[in-house]
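One structure below.
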Amino acid sequence: MAEAANGNGSRSSKRSRRSRRKNPDGTMTLIEHIYEFRRRLGWAVVFIVVGAIFGFIWFEQRLGPIPSLGDIMTHPYCAIPASQRFAGDQPGCRLLQTVPFEAFMIRLKVGVAAGAVLLSPAWLYQIWAFIAPGLYAKERRYAMIFVSFASVLFAAGAVLAYLLVPHALALLAGFGQDQFVTALTADKYISFILSLLVIFGVSFELPLLVVMLNRVGVLKYQQLKRWRRGLVFALFVFAAFATPGSDPFSMLGLAGALTLLFELSIQIARFHDRKLDRGRHDEGWDQLADDEAAPFNYTPSTADGEEPTAQSPSTGRSNSTDDIT
């Protein structure tokens, strides 16, 4: 009983230490960090498994007005004119299964991908909850903004890819005229669709990367302005190699979208640098020589971004600062 009581007390103590109310700065020992990481990783895996089961069932079931996941994935292929598709003796639009177990594996693959995307807020929160206690309030705010914009841009890229795929497939299938019929195997077709969605989604993170590098001072607007032509050419080359179908629709669609987003990020960098230059001019820093020290006033803050309110009478330092150095 005593051991049980001690065990319950230990678990209660650990939960109290993990609680942000009891431990606002997230201070833990190395072992507690490992236990916390194991716990968060376990919950993240549980959410992904639950999402995979949901996606596996959704593959054949409609959700009210929402079509089944299988219909969503086969829609680009079914948009090819029926005269150019191989249908055999069966009516309708179906993919070709060439090996046993292929349909099950494809259903599982698509279900895991869809479930991971749908429940991404849940398992991403577990990663965030492990990292956030080690960040300052300003860093947490920047991280939240970065993740929010990254999610929106990734979704926009995936949607654009899904809208371009039917046109790309129709163009590629139309090259054969009357001498060929299109019979895509299910495995290669699904891999093509998923890779295209991921490539477009990841590529759309480029402007966010440019803005982030500009914010931390690595890239300046003048540099981007000087490299603009070369970078736009590099975007077209990247789109030609990155699109798996090598069709003009996907390549031009990705290159055009990346060029627009890149130009938008350049303009954001332009306004940001102009604001910094105005601040440096108001402070008089632009008149300093390169070897002259700039005036620097540092005010420590708490982990929540609040300024300290009390100071130690003996040292004159704040009692609530999180500056452990």
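Summarising the geometry, atom CE belonging to Met73 is positioned 9.5 Å from atom CG belonging to Leu95; distances are rounded to the nearest 0.5 Å. Here the straight-line distance linking atom CG of Leu153 with atom CG of Leu261 works out to 6.5 Å at 0.5 Å rounding. Expressed to the nearest 0.5 Å, how far CG of Leu119 lies from CH2 of Trp123 amounts to 10.0 Å. Remark: Ile268 CD1 to Arg215 CZ distance equals 8.0 Å, nearest 0.5 Å. Distance check, rounded to the nearest 0.5 Å: CD of Glu263 to CG of Leu224 gives 10.0 Å. The CG atom of Leu96 sits 11.0 Å away from the NZ atom of Lys188 when rounded to the nearest 0.5 Å.
Under a 3.5 Å cut-off, the side chain of Tyr189 and the backbone N or O of Tyr77 do form a donor-acceptor pair. Proximity of a side-chain donor or acceptor of Glu139 to a complementary backbone N or O of Tyr136 within less than 3.5 Å is detected. The backbone N or O of Ile72 sits less than 3.5 Å from a side-chain atom of Tyr162, completing a donor-acceptor pair. In this structure, Ser265 contributes its side chain and Phe262 its backbone to a donor-acceptor pair below 3.5 Å. At least one donor-acceptor pair under 3.5 Å links the side chain of Ser68 to the backbone N or O of Asp71. Judged purely by atom type and a 3.5 angstrom limit, Asp273 has no side-chain atom pairing as donor or acceptor with the backbone of Lys220. For Gln126 (side chain) and Trp43 (main-chain N/O), no donor-acceptor pair under 3.5 Å exists by modelled atom type.
Residues Ile190 and Met105 are members of separate hydrophobic clusters, defined by side-chain heavy-atom contacts under 4.5 angstrom among Ile, Leu, Val, Met, Phe, Trp and Tyr. There is a path of hydrophobic side-chain contacts, each under 4.5 Å, that joins Leu209 to Val216. Using a 4.5 Å cut-off between side-chain heavy atoms of Ile, Leu, Val, Met, Phe, Trp and Tyr, with links allowed through other members, Leu69 and Phe192 fall into the same hydrophobic cluster. A single hydrophobic cluster is not seen to contain both Val117 and Val45; linkage of ILVMFWY side chains at heavy-atom distances under 4.5 Å, directly or through other members, places them apart. In terms of hydrophobic clustering, with Ile, Leu, Val, Met, Phe, Trp and Tyr side chains grouped at heavy-atom distances under 4.5 Å, Leu206 and Tyr221 are assigned to a common cluster.
Residue pairs meeting the salt bridge (Lys or Arg N to Asp or Glu O under 4.0 Å) criterion with at least one member in residues 97-117, sequence neighbours excluded: Glu60-Arg107, Lys109-Asp187.
Within 6.0 Å of atom CZ in Phe149, 12 or fewer heavy atoms from other residues, nucleotides or ligands are found, so the atom counts as exposed in its surroundings.
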Trace of the side-chain contact (heavy atoms from CB on, under 4.5 Å) decision for Lys225 with Ile266
CA-CA 8 Å; Lys225 181 182 177 182; Ile266 290 179; 5.6 Å; no
Yes or no on side chain to side chain donor-acceptor pair (under 3.5 Å) for Arg226 and Gln223, after CA distance, side-chain angles and deciding distance?
CA-CA 5 Å; Arg226 198 164 52 246; Gln223 292 174 305; over 6 Å; no
List the steps and the verdict of side-chain contact (heavy atoms from CB on, under 4.5 Å) for Leu63 and Phe54.
CA-CA 11 Å; Leu63 300 178; Phe54 172 76; 3.7 Å; yes
side-chain contact (heavy atoms from CB on, under 4.5 Å), that's the test. Do Phe47 and Ser120 meet it? Break it down for me.
CA-CA 8 Å; Phe47 283 120; Ser120 57; over 6 Å; no
Working note: Tyr35 + Leu30, criterion side-chain contact (heavy atoms from CB on, under 4.5 Å); need CA distance, chi angles, decisive distance, verdict.
CA-CA 9 Å; Tyr35 285 156; Leu30 177 60; over 6 Å; no
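Shown here for Pro67 and Trp58, the closest heavy-atom pair between the two residues is O-NE1, 3.2 Å. When all heavy atoms of Ala161 and Leu197 are compared, the pair lying nearest together is CB-CD2, 3.9 Å. Minimum interatomic distance between Pro166 and Ala79 (heavy atoms only, all atoms of both residues): CB-CB, 3.9 Å.
The shortest side-chain heavy-atom distance between Trp128 and Met144 falls under the 4.5 Å cut-off. For the pair Asn214/Val210, no side-chain contact is recorded, criterion being any heavy-atom separation below 4.5 Å from C-beta on. Proximity of Leu108 to Phe59: side-chain heavy atoms (C-beta onward) are nowhere separated by under 4.5 Å. Between Phe204 and Leu160, some side-chain heavy-atom pair lies under the 4.5 Å cut-off. The closest side-chain heavy-atom distance from Arg274 to Asp277 is not below 4.5 Å.
Other residues sharing a hydrophobic cluster with Leu163 under the 4.5 Å side-chain heavy-atom criterion for ILVMFWY residues are Val159.
The aromatic ring centroids of Phe101 and Phe104 lie less than 6.0 Å from each other.
Every residue meeting the ring pair (Phe, Tyr, Trp, His ring centres under 6.0 Å) condition with Phe130, not counting sequence neighbours, appears here in chain and number order: Phe37.
When each of Leu235, Val232, Leu231 is tested with Leu258 by the rule side chain to side chain contact (heavy atoms under 4.5 Å, CB included), just one qualifies, namely Leu235.
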